[in-house]
Amino acid sequence: MTDIRRELYTLVQKGESAEVEFKSARGGFPGSFWESYSAFANTNGGTIILGVQEKEGKFLFDGLSEETALKYKKNFWDNAHNRGKVSVCLPHEQDVEVKEMDGAYLLVCHIPRAEYNMRPVYLTTNPIGNTYRRNHEGDYQCTDAEVRRMFADAEHESHPQDAIIRKGFTLENAIDLPSLHQYRQLFVSLHPTHPWAKLTDDLQFMEKIGAYCHNIATDESGITRAGLLMFGQSDMITNPAGEPYYFVDYQERLYTDDARVRWTDRIYPDGTWEANLFQFYIRVYNKLIQALPKPFKLIGDERQEETAAHDAVREALINCIVHQDLNATGNIVIRRTETELTFSNPGMMLVSKQQYFKGGRSICRNPTLQKMFMLLGKAEKAGSGVDKILAGWKELGWDEPKLTEEVQPDYVVLTLPIGKTPQEKPIRKPHKKTPQENPIRKSDKKEQRILQIIDYCSEPRTSSEILAMLGLADKKNLMEVYINPMIADNLLSMTDPDNPTSRNQMYVATKAEKS
């Protein structure tokens with residue numbers, strides 16, 4: 001059996017999916033074909049196979065003749081090149097083929113994902129009401145808002161979302177100066193001889209990095225959308241004239257068997273901090289890297305703790321921020337569990353998943369935000385950021401990162417698994433745990449926490465900090481089960497051993513002291 005025939009048999013046996021659609025063509029070329037064409041083009045691409053019908057949950061061949069299949073092929077190309085039928089012809093000649101299967105003929109059409117600047121792909125001459133996308137249930141008609149967002153993506157290079165001037169917002173009434181000055185200090189420390197490092201005026205500096213703009217064409221000046229989001233005061237960011245639905249969310253759920261506990265830690269705009277993107281990045285990055293092992297390396301006389309995995313987490317977090325669709329429904333959500341880190345941002349991908357993992361192509365919705373992170377050496381523009389993510393996880397020997405797209409609402413979700421590859425893990429079938437198994441499970445969890453404490457205490461930490469890092473609440477239990485035994489085993493040391501109960505007592509990993 002040839003590869004293409006084997007592939008077709010497999011597809012027919014599996015049935016329809018998000019990437020495959022079967023259509024009966026006994027009564028003629030099906031009109032619904034073009035809805036699926038639009039849907040695949042506007043989502044992740046897919047295959048439409050004419051000449052297969054569903055009967056009682058099974059997919060059977062229509063029994064089309066070769067003559068009929070060739071007639072349908074001509075029908076396809078006539079309509080695909082007709083702008084009154086569909087807005088753009090995406091397939092190439094080799095993408096549409098007539099195939100014979102057990103005496104029946106099929107028309108197999110591979111519909112590629114449309115480039116962002118070709119979307120939306122719609123039927124007739126009116127995109128409103130005639131644009132489709134694909135979800136798990138099949139094709140659905142896009143809302144007007146979805147269509148508008150696709151048009152906005154198509155023009156994002158000439159009209160980037162984050163460069164819009166937000167009228168009424170000023171340095172004095174909208175910007176959190178401590179955040180701006182913290183950013184400036186980081187910039188100066190990295191680029192001490194840079195001309196911008198010598199600027200004394202905050203507004204001038206903001207204009208250089210894109211946080212403030214003067215539009216020559218309209219003679220308008222003001223804080224940009226990027227500037228407000230990056231450095232704004234929380235209340236001003238969510239002002240009706242700004243980003244009223246802005247919300248950033250970090251959710252952490254670690255080492256708890258209590259179903260009532262939704263998360264053991266959370267960072268969100270709760271009124272206790274200025275929840276701009278810069279502060280969110282700093283807080284969340286420091287949380288995420290606690291999931292990573294920290295090797296102790298000496299480069300020259302300096303201790304080097306950051307690894308390629310740290311670069312991967314940093315790049316994933318920044319990508320989530322700079323690639324979000326500011327006009328889409330939803331918000332940035334970062335999650336950390338014992339088994340994975342996930343980065344979710346609203347919007348559709350501007351490139352396919354294949355292009356994303358291939359790298360080398362940089363397309364960003366929010367180039368001003370990207371520039372702000374790049375100036376701190378925290379982001380890549382040449383399309384190599386994905387390489388850093390993959391390399392970081394490969395260096396650890398952990399499972400490969402996964403990328404998915406969700407619809408209604410649109411989300412791009414990047415998952416970084418925590419742990420070794422499946423080949424290195426024992427395969428365990430789900431079963432009810434017996435009382436005899438519980439001590440083993442608890443012992444494993446205790447060992448994990450001990451390793452976490454050692455890693456976290458590479459610098460001196462208080463018992464309260466350790467407690468918060470583990471997501472625990474009982475300080476007495478922490479001391480009796482972890483801290484005191486670890487001191488006895490020479491895994492931890494007290495910074496003030498002569499006063500064990502000192503209020504200023506801190507704990508440091510013994511190997512950190514030696515390094």
Could you tell me which non-hydrogen atom of [X] sits nearest to which non-hydrogen atom of [Y], and how far apart they are?
X	Y	result
Thr224	Cys213	CG2-CB, 3.6 Å
Glu172	Gln233	O-NE2, 4.4 Å
Ala174	Phe169	CB-CD2, 3.7 Å
Val147	Cys142	CG2-CB, 4.0 Å
Gly377	Leu190	N-CD1, 4.5 Å
Ile267	Arg283	CD1-CB, 3.9 Å

Evaluate side-chain contact (heavy atoms from CB on, under 4.5 Å) for Lys287 paired with Glu252, printing each intermediate quantity in order. CA-CA 9 Å; Lys287 287 286 185 180; Glu252 185 176 281; 4.1 Å; yes
Just wondering, do [Y] and [X] contact through their side chains at under 4.5 Å, heavy atoms?
X	Y	answer
Tyr482	Ile453	yes
Met469	Gln290	yes
Met374	Lys378	no
Ile175	Met206	yes
Met118	Leu90	yes
Val351	Glu115	no
Met479	Ser463	yes
Met486	Ile450	yes

Please round to the nearest 0.5 Å and tell me the distance separating atom [atom1] of [X] and atom [atom2] of [Y].
X	Y	atom1	atom2	answer
Ile111	Phe40	CD1	CZ	8.0 Å
Arg461	Leu467	CZ	CG	14.0 Å
Met230	Asn276	CE	CG	8.0 Å
Asp153	His159	CG	NE2	14.0 Å
Asn319	Ile321	CG	CD1	9.5 Å
His156	Arg365	NE2	CZ	8.0 Å

NZ/NE/NH1/NH2 to OD/OE distance under 4.0 Å, Glu220 and Lys167: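 Yes, Glu220 and Lys167 are salt-bridged.
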N-O pairing of Glu243 and Arg166 below 4.0 Å: yes
Those residues that, when tested against Asp249, pass salt bridge (charged side-chain N to carboxylate O under 4.0 Å, His left out) (two or more places apart): Arg266
Taking only residues two or more places apart in sequence, or in another chain, which ones meet Glu480 in a salt bridge (charged side-chain N to carboxylate O under 4.0 Å, His left out)?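 For Glu480 there are no salt bridge (charged side-chain N to carboxylate O under 4.0 Å, His left out) partners, ignoring immediate neighbours.
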Using only heavy-atom distances, determine whether the side chains of [X] and [Y] contain a donor-acceptor pair under 3.5 Å.
X	Y	value
His181	Asp202	yes
Arg314	Tyr285	yes
Ser179	Glu274	no
Gln408	Asn135	yes
Asn42	Arg133	no

side-chain contact (heavy atoms from CB on, under 4.5 Å) for Met150 and Thr131? Distances and angles first, verdict last. CA-CA 10 Å; Met150 282 189 266; Thr131 300; 3.8 Å; yes
So, does [X] use its side chain to make a donor-acceptor pair with the main chain of [Y] at under 3.5 Å?
X	Y	value
Ser458	Ile454	no
Glu340	Ile418	no
Ser87	Tyr122	yes
Ser38	Tyr132	yes
Glu465	Thr462	yes
His191	Leu375	yes
Asp176	Gly232	no
Asn130	Asn126	yes
Tyr140	Ala39	no
Asn215	Thr218	yes

Geometric cation-pi criterion Arg336 and Tyr250, 6.0 Å radius, 45° cone: no
With respect to Arg134, which candidate in Glu21, Glu35, Glu406, Glu19 satisfies the salt bridge (charged side-chain N to carboxylate O under 4.0 Å, His left out) definition?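 Exactly one pass, corresponding to Glu21.
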With Asn286, the side chain to side chain contact (heavy atoms under 4.5 Å, CB included) member among Leu288, Ile282, Val284: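 The residue from Leu288, Ile282, Val284 that satisfies side chain to side chain contact (heavy atoms under 4.5 Å, CB included) with Asn286 turns out to be Ile282.
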Would you please test Gln324 and Gln161 for side-chain hydrogen bond (donor to acceptor under 3.5 Å, both in side chains) and show each step? CA-CA 10 Å; Gln324 65 175 309; Gln161 294 181 358; over 6 Å; no
Quick one: sort the Phe373 and Tyr281 rings into parallel, tilted or perpendicular, breaks at 30° and 60°. perpendicular
Using 30° and 60° as the class limits, which term best fits the ring planes of His194 and Phe187: parallel, tilted or perpendicular?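 Rings of His194 and Phe187: perpendicular, as their planes differ by over 60°.
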With a cut-off of 3.5 Å and sequence neighbours excluded, list every side-chain donor-acceptor pair involving residues 341-348.
none

Do Trp196 and Ile209 pass the side-chain contact (heavy atoms from CB on, under 4.5 Å) test, and can you show the C-alpha distance, the side-chain angles, and the key distance before you say yes or no? CA-CA 9 Å; Trp196 299 352; Ile209 66 173; 4.2 Å; yes
For Asn366 and Leu326, what are the C-alpha separation, side-chain angles and deciding distance, and is it a side-chain contact (heavy atoms from CB on, under 4.5 Å)? CA-CA 9 Å; Asn366 303 294; Leu326 299 174; 3.4 Å; yes
I want to know whether Phe231 and Tyr183 have ring centres closer than 6.0 Å. yes
